[in-house]
Each structure stands twice: as structure tokens, then as C-alpha cells.
Amino acid sequence: MIRLFDTAAQEVRELRPRDEGRISIYVCGPTVYDVPHLGHGRFTLVWDLFRRWLHFRGFDVRFVSNITDVDDKIIQRAEREQVSEAAVATKYEEVWWDSMGQLGVLRPTVAPRATEWIDTMVELVSTLLERDAAYVLDDGVYFDVSAAPDYGLLALQPLESLRAGARVDARSDKRSPLDFALWKFAKPGEPKWPTPFGDGRPGWHTECVVMSLGLLGEGFDLHCGGLDLAFPHHENERAQAVALGREFARHWAHNGFVMSDGEKMSKSLGNFTSLSDLLERTDPRAYRLLVMRSHYRSPLDVNVETVADAERALVRLDIFARRFDLPTLGGDEPVGPSTSWSEEVLTFVNETASLLDDDLNTPAALARLFEAVARTNTLADQGDDSAPEWARAINTLFGALGLGLRGEGEDLDDDSAELVRRRDDARGRRDWSEADRLRGELEQRGWIVEDSSQGTRIRRG
RNA sequence: GGCGGCGUGGCCGAGUGGUUAGGCAGGGGCCUGCAAAGCCCCGUACUCCGGUUCGAAUCCGGACGCCGCCUCCA
């Protein structure tokens, strides 16, 4: 049984799939107007972890995540750079997938672009107009939030206080300050699609409704995103579905923010670090490990110290993988459960799994895994035959979470290999000063030298 | 102003009414020709003030501090 905090219910609830054994997930993807920042990295890692975990637990997961390729910010950027909107969108979508690849985030089952769904959006707006759930003003079509009786479900506060807090809008002719644009009429030079109610482009909240319902069907299982999307974005998506009498997401889940010096990292605050900057100077797996070390709903401080901390922990895991010659798992292929574990190992796997089943408690699961690493090293030191099986189980769980441990040795050049050979030779003769001198030479070349029962082993420092 | 969340050892970060979280860093030890790696031990933490309780870091109330949402935002 998988349990997950549901934003609408404000409690951890069992995830009850619409269809037995299958889980459909929609995650709001990026607007491709700029490079992704650490916050994008976190939400994609969090939901990738969850997706992989569901797969490991035997679910058939259909995972849809969109690309918003038509938006005010794309238009602004295109104007500023004197290029087409499509050029901006294409460029940053490429950057996006490149970063996702480096992070080891699985490709969505389907990754729809908003511009591919314009017709369906136009139909939706037309229907809302017919039902009087929407109305036309001179700059666009607006949704009337009173058409969604339980509007405010995800805002987690009374409608009245939302109205009171709503920004004073230039459009005082909206029926309610909470009403939002479904369709924006094009100004000269802006991208536009023809419709009966006026040429223009969709509002942001409309695309996700039609794409989620279109690709996952009514009553799909889970809608995810960053916490800042809960209101108004997800609220507004839901309102449209409700007004149409269509069943929307059964569960809502939101991840916490990435913080920078105690403040939310965001484009508008200008305090963001781009994902590429991090990936250039760090093993991408360190970010995944860092994300796993805090609960997905908590704020996460990503800075040089916390990243370095994660990198050091990762070194230890890689050394462990090398000791047991473990294969690297969890790349493009999600990991499934193994069937042949001893009772003892199976108990450990099940206990760790139950922590992940319960609201994706990755920090607690990691604690169990690190304990098991120490235990397995001890078993191996004692020459216990069960150590390799433990090591494989640990590797499988890390792989299931998309963290591939690297057990394979690094490529070493011929000269270094020769130094290793000569050092083993010297050690065989108990010529310690020569052995130490050769170790020094290897260290000069940036290797960390370790002795093992198989002789000299070296790894990159 | 309205609403919500958080405050854990040097740092990060789970958890729970009574029993070791874990990682990183630091100290000591074992092992090792010396190192490295590994293993073991250690600091005995829970913002403050009251209250409930045999017992609270964990429940309740208050104070202080921090953060978020209410506005584009992952």
C-alpha cells in the first residue's frame, strides 16, 4: 500500500489507483523561456524518485509531464532577443532535456507541448462559454470562479480571504478578482490561433487541464508539482474540470521549495542557481542524494556545503560498490524487484520499502541503507558469505531510487598501471621505501592509493 | 492584514509519549609495514516559558524567531 500526503485532504492518504495495478501521474512541467534552476531540478528528482519507486513496487506507471511552449514570458524573451517565440521555446526545451538527462530523470511516458493541444483548449473554452462558466472581456476570455462550487479546495483558505488578498487588478470589470484568463487575445505581432471568440493564445491554466484529461483520462490518479503551483495554478485547472462536470485528479501532491540562504529560490527574487551551473561542477548524483536526504515536502537548502556533504557520502557508497563489484543500476531502465533474496535480506528490503511506501520517506530509508552498508562491510571483513548478497540488495534499492552506485574501476592510463604494477612488486619484496615512493608518484597524478587483498587499488581523489 | 508550516547535537536531517535514526565534519581505538579504505566507541541534541502525564523533544497553551501562500513562479 502506497501512502502519500494529499494536499486537498491535508493528510497522508492511501493512494488508491483508478485502475488496479496502474497509476497515472501528471506533473506540471516547465515553461521553456530560460534555463532551469535548482527548483526545477528538485521537483523533477522528487517525482522521478516516486515514479521509480512505484515501478519497483510493481505498478504500471503512466507519467505525463508537459512543456509549456507558449506563454507571456516566452513572448517577452523573443521580443528582447529579436527572435521568434518558437526559437526561444525550442532552445530552452533542449536545455531542459539535456539537464534532465544528466540528472538521470526518466523521460515522461508522454511529454506534450501546449501548442500541440490548442484545438482541444479552444473546444474547452467554447464549452465553458456555452455553459456560462466563462465570459468575454475586451482582452480575453475569463473563467468565472463561481462556476466551481468548491473553489478554494487547494488554496486551503476561505474564499473571502482570497478575495481580500487578491492583487488590485487593472481589470475591475472581472466578475470576481479571482477570475482568471482562459484565453488571451493577441496584440499585434503576438502568436495567435484563430477561434470563434477571438484570435489569441491560451492562458496558462488551461493547457494542463486538457492535456492531463486528454492523456490520462478522467479521474486520473495523481497530480503533482511544486508547492507554489497548488494555488492558483492547480486550483484553476481543477475549477475548469469541475465546471465541465468532469472528474479531475484523485490525489494532489506538492513538493517543497529549494531555499537559498533561508529564502525561497525563485526567478522573481533573482536568487536562483541554474541547474547547469550545479551540474558542471558536481556529480549529478550528488543532487539526487541531497534531494533524497530531506523529505520531499520540506524546504531544502542547496548550497556548496550541503552539496559537498552529499558528494562525500556518495564517495563512500561508490567505494562500497567497488568493494563488491556491483553493477551500476537505475539509469534509463527503472529497477524492478528481485525475487531471490534470503529471508534475512528480504526482511531488510521490506522494512526499507515500507518507509518509502509511507509518504516517500527517503531520509529514513537512506538511514537504513547506510546502516546496512556498515553491516555488510563488517560481514565481509569477517569473511561471511552473505556479504555479497547484502551488497546486491543495497545496490538494488539505490538503483530503484535512481541512484546508480559506481563500482567499476576508473580508466587508468598505461603509465599509472605500470606504477601500480611496480608498487605491488616492491611490496612483494617488502621494499617499503620504494613502495612509498611509487605511491607518492601515483598521488602526484591525482590518484588515491589503497591497499587491498588484491594488491594496490587506486581511485580518483 | 488573512491563512498555513517550521524551530532537533558543529553542519545537514528523520523520528517518536518511555527503547541507537542516519549522513558529513571532529576526537579516540582496532586493523595496516606506513597510509588509505573499513569497523567500533564518543559528544549524550530536540527555541523558551507554563500545563497534562508515573514519564514529553514528542500532546495542550503561550512567547520568541524563521519560512511559505494569498501575485508570475517548480
Side-chain angles (χ1 to χ4, degrees), chain A residues 10 27-31 33 36-47 71-73 152 154-158 160-169 177-178 204 224-233 254-259 262-269 272 289-290 292-295 297-303 305-317 319-320 322-323 355 361-382 427 430-433 435-436 439-440 443 447-452 456-459 461:
Chain A
Q10 283 292 288
V27 180
C28 284
T31 301
Y33 72 99
H37 63 71
L38 295 183
H40 296 96
R42 186 185 191 190
F43 94 79
T44 50
L45 283 168
V46 163
W47 302 116
D71 174 86
D72 292 2
K73 289 189 171 148
L154 293 168
L156 305 172
Q157 51 185 305
E160 277 317 307
S161 66
L162 287 177
R163 284 206 191 86
R167 175 190 269 177
V168 180
D169 201 305
L178 297 173
W204 179 40
C224 310
L227 191 54
D228 45 4
L229 294 189
F231 187 90
H233 184 54
H254 296 91
N255 59 278
F257 299 123
V258 171
M259 311 297 282
E263 277 198 316
K264 177 186 168 186
M265 186 176 286
S266 74
K267 295 261 171 151
S268 48
L269 290 174
F272 66 92
L289 185 60
L290 188 56
M292 287 164 69
R293 292 201 328 182
S294 71
H295 189 81
R297 286 191 277 123
S298 303
L300 173 66
D301 230 299
V302 184
N303 55 55
E305 286 83 23
T306 57
V307 169
D309 194 297
E311 283 187 297
R312 285 189 293 261
L314 195 55
V315 167
R316 179 166 162 199
L317 295 175
I319 289 171
F320 176 77
R322 190 174 315 120
R323 177 172 190 179
L355 295 167
N361 194 341
T362 50
L366 271 181
R368 299 302 315 279
L369 283 164
F370 273 99
E371 283 170 356
V373 165
R375 206 163 54 237
T376 304
N377 276 319
T378 300
L379 286 172
D381 288 345
Q382 295 167 346
R427 291 190 75 232
R430 305 182 68 82
D431 183 352
W432 308 129
S433 62
D436 289 351
R439 172 166 58 202
E443 283 167 354
W447 297 102
I448 291 174
V449 180
E450 296 173 1
D451 292 341
S452 77
T456 297
R457 287 190 141 182
I458 58 177
R459 64 187 164 91

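Lettering follows sequence order; numbering is per chain, from 1.
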For a quick check, tell me whether the side chain of [X] and the base of [N] share a donor-acceptor pair closer than 3.5 Å.
| X | N | answer |
| --- | --- | --- |
| Arg439(A) | A35(B) | yes |
| Asp436(A) | G33(B) | yes |
| Asp381(A) | G38(B) | no |

Does the structure show a Watson-Crick or G-U wobble partner for [N], both distances under 3.5 Å? Name it, or say none.
| N | value |
| --- | --- |
| C66(B) | G5(B) |
| A37(B) | none |
| U71(B) | none |
| U53(B) | none |
| C46(B) | none |
| G17(B) | none |

For [X], answer base if it contacts any base atom (sugar-phosphate contacts may also be present), sugar-phosphate if it contacts only those atoms, and nothing otherwise; contact means non-hydrogen atoms under 4.0 Å.
| X | answer |
| --- | --- |
| Asp451(A) | base |
| His37(A) | base |
| Gly256(A) | base |
| Arg323(A) | sugar-phosphate |
| Glu371(A) | sugar-phosphate |
| Ala230(A) | nothing |
| Arg297(A) | nothing |
| Met265(A) | base |
| Ser266(A) | base |
| Ser298(A) | sugar-phosphate |
| Val46(A) | nothing |

Of the options [options], whose atoms approach the side-chain atoms of [X] most closely?
| X | options | result |
| --- | --- | --- |
| Asp228(A) | C40(B), C67(B), A74(B) | A74(B) |
| Arg312(A) | A25(B), A14(B), U71(B) | A25(B) |
| Ser294(A) | C24(B), A74(B), G13(B) | G13(B) |
| Asn361(A) | A37(B), A14(B), C72(B) | A14(B) |
| His40(A) | A74(B), C70(B), G13(B) | A74(B) |
| Lys73(A) | C24(B), C34(B), C72(B) | C72(B) |
| Phe257(A) | G33(B), A74(B), C12(B) | A74(B) |
| Ala374(A) | C40(B), C70(B), A37(B) | C40(B) |

Between [X] and [N], does any side-chain N or O lie under 4.0 Å from OP1 or OP2?
| X | N | answer |
| --- | --- | --- |
| Lys264(A) | C69(B) | yes |
| Arg316(A) | G23(B) | yes |
| Asn377(A) | C39(B) | yes |

Spatial distance of atom SG (Cys28(A)) from atom NE2 (His233(A)) [nearest 0.5 Å]: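 One gets 3.5 Å once the value is rounded to the nearest 0.5 Å.
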
Using the [atom1] atom on both, measure [N] against [M] and round to a whole Å.
| N | M | atom1 | value |
| --- | --- | --- | --- |
| U8(B) | U47(B) | P | 6 Å |
| A45(B) | G62(B) | P | 28 Å |
| G38(B) | C49(B) | C1' | 47 Å |
| G15(B) | G7(B) | P | 10 Å |
| G5(B) | C59(B) | P | 13 Å |
| G61(B) | C67(B) | C1' | 23 Å |
| U20(B) | A63(B) | C1' | 34 Å |
| A36(B) | C24(B) | P | 16 Å |

Between Arg430(A) and Glu450(A), which has a closest nucleotide on RNA chain B that is more 5'?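 On the 5' side of the pair lies Arg430(A).
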
Relative to the 5' end of RNA chain B, which residue comes earlier, Glu443(A) or Asp309(A), by the nucleotide with the nearest heavy atom?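 In this pair, the answer is Asp309(A).
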
Stacking between Trp432(A) and G33(B), defined as ring centres under 5.5 angstrom apart with planes under 30°, is that present or not?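 Yes, aromatic ring over the base.
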
Is Asp381(A) salt-bridged to Arg323(A), cutoff N-O under 4.0 Å?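 Looking at Asp381(A) and Arg323(A), the cut-off is met.
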
Any heavy-atom pair between the side chains of Ser294(A) and Arg42(A) that's under 4.5 Å?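 Yes - at least one pair of side-chain heavy atoms lies under 4.5 Å apart.
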
A side-chain contact here means heavy atoms from C-beta on lying under 4.5 Å apart; do Thr378(A) and Arg375(A) qualify?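 Side-chain contact under 4.5 Å: no.
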
